[in-house]
Amino acid sequence: MKYDFSAIEKKWQDIWEARNVFAASDDYSKPKYYALVEFPYPSGQGLHVGHPRSYTALDIVARKRRLQGYNVLYPMGWDAFGLPTENYAIKNHIHPEIVTKQNVARFKSQLKSLGLSFDWNREINTTDPSYYKWTQWIFLQLFKKGLAYKKEMSVNWCTGCKVVLANEEVVNGVCERCGSEVVHRVKSQWMLKITEYAQRLIDDLDQVNYIERVKTSQRNWIGRSTGAQVDFGTTAGDTLTVFTTRPDTLFGATYMVIAPEHPYIQKWADRIQNMDAVKAYQEEAARKSDFERTELVKDKTGVMLEGVRGINPVNGKEIPIFISDYVLVTYGTGAIMAVPAHDTRDWEFAKKFGLPIIEVVKGGNVEQEAFTDCATGVMVNSGFLDGLSVEEAKVKIVDWLKEQGKGEPKVNYKLRDWVFSRQRYWGEPIPIIHCDHCGFVPVDESELPVRLPEVESYEPTGDGDSPLSAIDSWVNVTCPKCGRPAKRETDTMPQWAGSSWYFLRYCDPHNDKALASKEALNYWMPVDWYNGGMEHTTLHVLYSRFWHKFLYDIGVVNTPEPYAKRTSHGMILGENGEKMSKSRGNVVNPDDIIKEFGADTLRLYEMFIGDFEKAAPWSQSSIKGCKRFLERVYNLLEMRGAGDGYSKELESSFHKTIKKVSEDIEQLKFNTAIAAMMSLTNDIYSQGKVTDQELKTFILLLNPFAPHLTEEMWEQCGFGGMVTQQSWPEFDPAKCQDAQVEIVAQFCGKIKARLMVDADSSKEALLEAVKSCPEMKSLLEGKTIVKEVVVPGKLVNIVAK
RNA sequence: GCCGCUGUGGUGGAAUCGGCAGACACACAAGACUUAAAAUCUUGGGAUGGCAACAUCGUACGGGUUCAAGUCCCGUCAGCGGCACCA
C-alpha cells in the first residue's frame, strides 16, 4: 500500500478545520491545560525549520492532554510590531500593515501545513488596534501607579536602527538585532520601574518549575548583591556615600573613586584645582561607545581630584578621590571605596597610579595580586576587627557603622529600569499627552486605542524623533485635564510590549470590555507549560513576569506568576553544524521538506533529531529514516490479523512502550519515545501479525507525533470516530515486567555468563543459579569466595581468590 | 575573569539509583528479489589479536573511591552558552 502523505495530510487538515476539532471549550467545569509556545514574529522570510521544533513538541503535549481528557488551550498569534517590517516598509514604500498582513498569511498557511493543533479561533495579532488597545491600557495603569516615568538619561543608541535600545538589547556593545555600534545619547525616555520588582522576580523563581538554566540566567541578570552603604566624609564637608560588598575591608580603603558623571564633580567645581583635566576626562568618557569601553577593560584610566579628599569613617584618615570610568554612575551610588589589596580592579588601578596597598585579610600576597578569597582569610591591620574571619568582620563592622550613623546594610541589583521608548513608527503609540500646564496627562481610557496615524514616510526624523512627530494633525490635541493646547507623545513602545501579556489575551481574545474576563483568566491561568528559546530568558520572559506581577498587584490576574513551567529547546543548525542563515547558504525551508517527505515525517524527524534541549545539526539523510518508519507503520495495516486484546508475545512490549512514551513526553525526551515506538514496530514485524487492540494502542501512542497518518489508519481500520476523540492508552505496571529476565554472572567484576531466570527469583536463588552454571563452576574451582554481590534482576558478582 | 552546560562508534544520539556501554536511527558492507537499478527485505559491525572459542583495550585526558564508574570525587584539556570594570 502506498503511503500517499500529501493526500492524507490535506484530507485530515481539512477535516480538523471543518469540524473545529481543536477549539478550546469555554466550559470552565472541566480540568484545563494551557500549553503555550512563543508566537512568532512574522518575518518576510517565512517559517524556519527551527520554528516547528518548539511548536511540534508542545503540539505533542497538547494532543496527549486532549486524549487524557483535558480542556486544552493551545493558541497561536503574531508578534507583528517591529523593525524589520518597518525597514522593509521604508525601503519599498509599502505600509507596514500591508507587509504584516502578507507575512502573516504566509506564516499561517505554513503552520497549517504542519498539522499543528492550534485553536485558530483565538488567533491574535499585536498590531491589531483591538489588541494594542489593551497594551496601551496596561501602560496607563503602570503610569498611574508611578511605575512608568519619563527621564532625561543617557541611553543606548543604535547607530544602525536609529533607535534607543534597552540594556537587554545591547550585546557586547553592539545592537542585538542589527549588529551596529551602540553609542550613548542623552534623551528623555519613558522608563518602566522593573527594578521595583527585582526581589520578587528572584524570590518567586522558587515557586515555578523552570529548567535550571533559565532560573540561573534570570538570577544572574537581576544580579542581586548584598553589602553595605558606607558614608565617607570629605574635606569639602559633603558626605560621599559608597556601596560595598566587602565592608570588612574598610581599614584597607586607601582611596576612593567616583564615576565621571557623578554630580559632586559639578558641586565641587570651585574646590577642584585641576578642573581642566577632570573635564577633559569626563568628555573622553562620554565619547566612548559601549564597545570601546568593553574593549579597553584592562587598561585603567582616571584623574585624581586635587583639592578634595575623602575621610575614612573608621580611622579618620584622609584619602585621595579619583574619577574613573571603571566606576559606573548607574550602579550603587556611583562611588566606591577602593581596597586594592582585596579587589582586582582596585589593585590594577593602584599599581598604575602608585597608590598604597594595605593588607587587611591575611592569606595571600597582596604585592603580587589582589587577595579576594572570603572563605579562608583572617582580619589584620583592622583595629577592632583583627583576628576575626571575613564573615564575622562583615557583621561587626556593619553593626559598628549603624551605631555610628555612618552606614547600613544594603542590597543592590544589576537590573536597570526598562527603557520603554522607541522613536519609531511601527509600534504601539504611548498614550500620553504633554501639557505645559499639567505635565504628563494620560489619555482617557475611553479614548483607547490611540491609533497609529497614516504617514507619508516611516523614516525617523533627522534629530532622532519618531516619524509620528511630523504629523501635526495627530500630534496637536487639547489637554484632557485643562483643555489647553497640548501634544501627544510621539514615541512608540518597544517590540517587547505586546508580547508581555499576550498569553492573557488568548484566554478571552474577543473581549472588548477588558483585556480578558476575570472568569477566563481565573480558569486558564497560569500557563501550564511554556516552551521557547533561551534567547528570550532575560528579555521576554523577565519582562512578561514583571508585567504579570504588576497585573496581579492591581487585581487583574489571580496568579503571581504567569508560567508554571518553562522549558527551552535547542537550535536547529545547518547541515554543516553552523547556525542556519541566508549568508551561509545552509537554510532549510520547511515547505520543501513537507513537499518531499510530508508533515508527519518532518514533525517526527524534528523530535527524533536529538536531545530536545540541545542544538542539533540538520541531516537530510536521517530524515529518510523517519519516513521509512512511517511507511512501515502504515504497512502494519496489512498485518492485521485475528485475536482479541494483546498477543501473548507482545503484551509486555506494549505495556512497556505505553509507559515509556507516556513518561518521555513529560520529560521532553521525544527522541527516546520515538525510538521505543520504532522498537515496538520491529517487534511486531518479527511477529508478522498485529491484533486490533495492538493497532489501536499503537495508533494512539503515535498520534501526537504523526497525527495525519494515524487518523488515516484509524479510519481505514474502521475503529469508529476520530483518534482525537479517543483516550490515551493506560499501562499495567505488573505487565511491564517480563516473566523471565536475563541476568549477568560476573567473576571479579568481569562478565563470564548470561542466564535467564525468573523475574521474581530470590537473592539466594540467583546466587545458587550463578554458582551452578558451568562457566562459574570451573572458575570457582578450588578458590575461596571473598565477596558476593547480588542485584536482583540485573547481576550477580562473585569475588574469589 | 566569573557562572552554567557539554565531551560516548564513521554520523545523530541511548544508557532512573553506580550494575550487560553503544538502544533507536543514519551512513556503510554483504546477501535475497530484479535483465539491471531504485525501492524493499535479511544479515553484519567499537578497536586490537586470533580460523575460532576467547583474550585485551575502550565513554576527552591524568589520578582516586568501589566487588562494580560514561555515571561519584580531585586535577587537566577542549567546545558551547550566559554574564562581564556591577564595587
Side-chain angles (χ1 to χ4, degrees), chain A residues 171-173 212-221 223-225 227-228 242-247 249 253 256-257 259 293-294 296-301 324-328 330-339 342-346 348-349 372 412-416 534-535 537-538 570-571 577 605 608-611 613-626 628-629 631-632 635 663 667 669 671-682 685-686 742-751 753-754 786-800:
Chain A
V171 177
N172 294 328
E212 212 43 50
R213 56 193 174 127
V214 170
K215 287 192 183 183
T216 324
S217 293
Q218 292 215 348
R219 286 197 192 101
N220 288 347
W221 186 262
R224 179 192 153 104
S225 48
V242 302
F243 172 69
T244 177
T245 55
R246 293 296 303 275
T249 61
M256 301 179 80
V257 187
R293 239 172 125 145
T294 46
L296 300 171
V297 155
K298 279 167 203 90
D299 207 19
K300 293 279 181 292
T301 58
S324 172
D325 64 4
Y326 88 86
V327 171
L328 309 173
T330 47
Y331 184 77
T333 61
I336 63 158
M337 66 177 209
V339 186
H342 305 290
D343 180 279
T344 314
R345 296 150 305 184
D346 297 345
E348 283 166 7
F349 191 89
T372 55
N412 261 315
Y413 303 91
K414 282 200 265 185
L415 187 71
R416 309 286 153 81
M534 264 323 270
E535 71 275 19
T537 303
T538 52
M571 251 196 300
Y605 173 63
F608 188 60
I609 191 167
D611 187 331
E613 300 196 59
K614 285 192 207 138
W618 185 264
S619 161
Q620 196 71 15
S621 60
S622 291
I623 199 169
K624 279 192 281 187
C626 291
R628 208 173 285 166
F629 167 64
E631 281 167 349
R632 276 163 71 80
N635 286 329
E663 291 173 357
Q667 296 166 43
K669 292 163 82 174
N671 52 339
T672 50
I674 293 166
M677 289 188 280
M678 287 174 168
S679 287
L680 183 58
T681 309
N682 294 343
Y685 265 73
S686 40
E742 189 185 66
I743 65 154
V744 169
Q746 291 183 336
F747 178 74
C748 296
K750 302 224 162 166
I751 299 155
R754 293 154 198 280
V786 180
K787 187 156 194 165
E788 290 166 342
V789 182
V790 183
V791 184
K794 293 247 162 90
L795 56 75
V796 173
N797 186 14
I798 299 173
V799 185

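As the structure is a prediction and not an experimental result, all values here were calculated from the model.
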Under 4.0 Å between any heavy atoms, over every strand shown, what does [X] touch: base, sugar-phosphate, or nothing? Just pick one.
X: A:Ala676; value: nothing
X: A:Ser225; value: sugar-phosphate
X: A:Ile609; value: sugar-phosphate
X: A:Gln746; value: base
X: A:Asn412; value: nothing
X: A:Gly625; value: sugar-phosphate
X: A:Ser621; value: sugar-phosphate
X: A:Lys669; value: sugar-phosphate
X: A:Val799; value: sugar-phosphate

(message) Counting C-beta onward and ignoring hydrogens, is there a side-chain heavy-atom pair between A:Tyr605 and A:Phe629 closer than 4.5 Å?
(response)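 Side-chain contact under 4.5 Å: no.
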(message) Measuring only between side-chain heavy atoms, which start at C-beta, is A:Met534 closer than 4.5 Å to A:Val214?
(response)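 SC-SC contact between A:Met534 and A:Val214 confirmed.
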If you check every side-chain atom of [X], which of [options] has the closest atom?
X: A:Met678; options: B:C67, B:A25, B:A23; answer: B:A25
X: A:Val327; options: B:A87, B:A15, B:C85; answer: B:A87
X: A:Lys414; options: B:A87, B:C24, B:C83; answer: B:C83
X: A:Asn682; options: B:C57, B:C24, B:G19; answer: B:C24
X: A:Trp221; options: B:C83, B:G82, B:A15; answer: B:C83
X: A:Thr672; options: B:C26, B:U56, B:A14; answer: B:A14
X: A:Asp343; options: B:A14, B:G19, B:A87; answer: B:A87
X: A:Tyr326; options: B:C85, B:A87, B:C67; answer: B:C85
X: A:Asn671; options: B:C3, B:C85, B:G13; answer: B:G13
X: A:Phe608; options: B:A25, B:G13, B:A15; answer: B:A25

(request) Decide yes or no, distance alone: a donor-acceptor N/O pair under 3.5 angstrom between the base of B:C83 and the side-chain of A:Asn220. (result)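 It does not, because no donor-acceptor pair links the side chain of A:Asn220 to the base of B:C83 below 3.5 Å.
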(request) Using only heavy-atom distances, decide whether a donor-acceptor pair under 3.5 angstrom links the side-chain of A:Lys614 to the base of B:C80. (result)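 There is none.
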From [atom1] of [X] over to [atom2] of [N], roughly how many Å is that when rounded to an integer?
X: A:Phe747; N: B:A55; atom1: CZ; atom2: P; result: 12 Å
X: A:Ile674; N: B:G12; atom1: CD1; atom2: C1'; result: 13 Å
X: A:Leu795; N: B:A69; atom1: CG; atom2: P; result: 12 Å
X: A:Met534; N: B:U6; atom1: CE; atom2: P; result: 13 Å
X: A:Met337; N: B:A87; atom1: CE; atom2: C1'; result: 9 Å
X: A:Asp611; N: B:U8; atom1: CG; atom2: P; result: 13 Å

(message) To the closest 0.5 Å, what do you measure between CE (A:Met337) and OG1 (A:Thr244)?
(response)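 With rounding to 0.5 Å, CE (A:Met337) is 4.0 Å from OG1 (A:Thr244).
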(request) Can you measure from CG (A:Asn412) to CZ (A:Arg224) and round to the nearest 0.5 angstrom? (result)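 It is 10.5 Å, given to the nearest 0.5 Å.
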(message) Run the side-chain hydrogen bond (donor to acceptor under 3.5 Å, both in side chains) test against A:Thr245 and tell me which residues pass, sequence neighbours left out.
(response)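 Counting only residues at least two positions away or on another chain, A:Thr245 forms no side-chain hydrogen bond (donor to acceptor under 3.5 Å, both in side chains).
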(request) For RNA chain B, write out the stems as range with range, using runs of 3 or more consecutive Watson-Crick or G-U pairs with both distances under 3.5 Å. (result)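 Ordered by first number, the stems with RNA chain B (at least 3 consecutive pairs each) read B:1-7 with B:77-83, B:10-12 with B:24-26, B:28-32 with B:40-44, B:46-49 with B:54-57, B:60-64 with B:72-76.
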(request) Identify, between A:Lys787 and A:Ile751, the residue whose nearest nucleotide on RNA chain B lies closer to the 5' end. (result)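 Result of the comparison: A:Ile751.
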(message) Reading RNA chain B from 5' onward, which residue's closest nucleotide shows up sooner: A:Val791 or A:Gly610?
(response)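 First, find each residue's nearest nucleotide; the 5'-ward one identifies A:Gly610.
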(request) Indicate yes or no for a side-chain donor-acceptor contact from A:Tyr326 to the backbone of A:Phe349 under 3.5 Å, with no hydrogens or angles considered. (result)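 Judged by distance alone, no pair lies under 3.5 Å.
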(request) Spell out, as yes or no, whether a donor-acceptor pair under 3.5 Å connects the side chain of A:Ser324 to the backbone of A:Thr301. (result)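 The answer is yes, because a donor-acceptor pair under 3.5 Å joins these two groups.
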(request) Before giving the answer on side chain to side chain contact (heavy atoms under 4.5 Å, CB included), spell out for A:Phe608 and A:Ser622 the whole-Å C-alpha distance, their side-chain angles and the decisive distance to 0.1 Å. (result) CA-CA 9 Å; A:Phe608 188 60; A:Ser622 291; over 6 Å; no
(request) Syn or anti for B:C17, please, going by whether the chi angle lies within 90° of 0. (result)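 Here the answer is syn: the torsion falls within 90° of 0.
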(request) Could you tell me whether B:G9 is syn or anti, where syn means a glycosidic angle within 90 degrees of zero? (result)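 Glycosidic conformation of B:G9: syn.
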(request) Give the B/S/- string for nucleotides 38-48 of chain B, one per nucleotide from 5' to 3', where a protein heavy atom under 4.0 Å of the base yields B, of only the sugar-phosphate yields S, and otherwise -. (result) --SS-------
(request) Determine, stepwise, if the pair A:Asp343 / A:Arg246 fulfils side chain to side chain contact (heavy atoms under 4.5 Å, CB included). (result) CA-CA 9 Å; A:Asp343 180 279; A:Arg246 293 296 303 275; over 6 Å; no
(request) Hey, can you tell me if A:Phe243 and A:Tyr331 have their rings parallel, tilted or perpendicular (30° and 60° cut-offs)? (result)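 It falls in the perpendicular class, over 60°.
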(request) Mind running side chain to side chain contact (heavy atoms under 4.5 Å, CB included) on A:Val242 and A:Met256 for me, showing each step along the way? (result) CA-CA 9 Å; A:Val242 302; A:Met256 301 179 80; 3.6 Å; yes
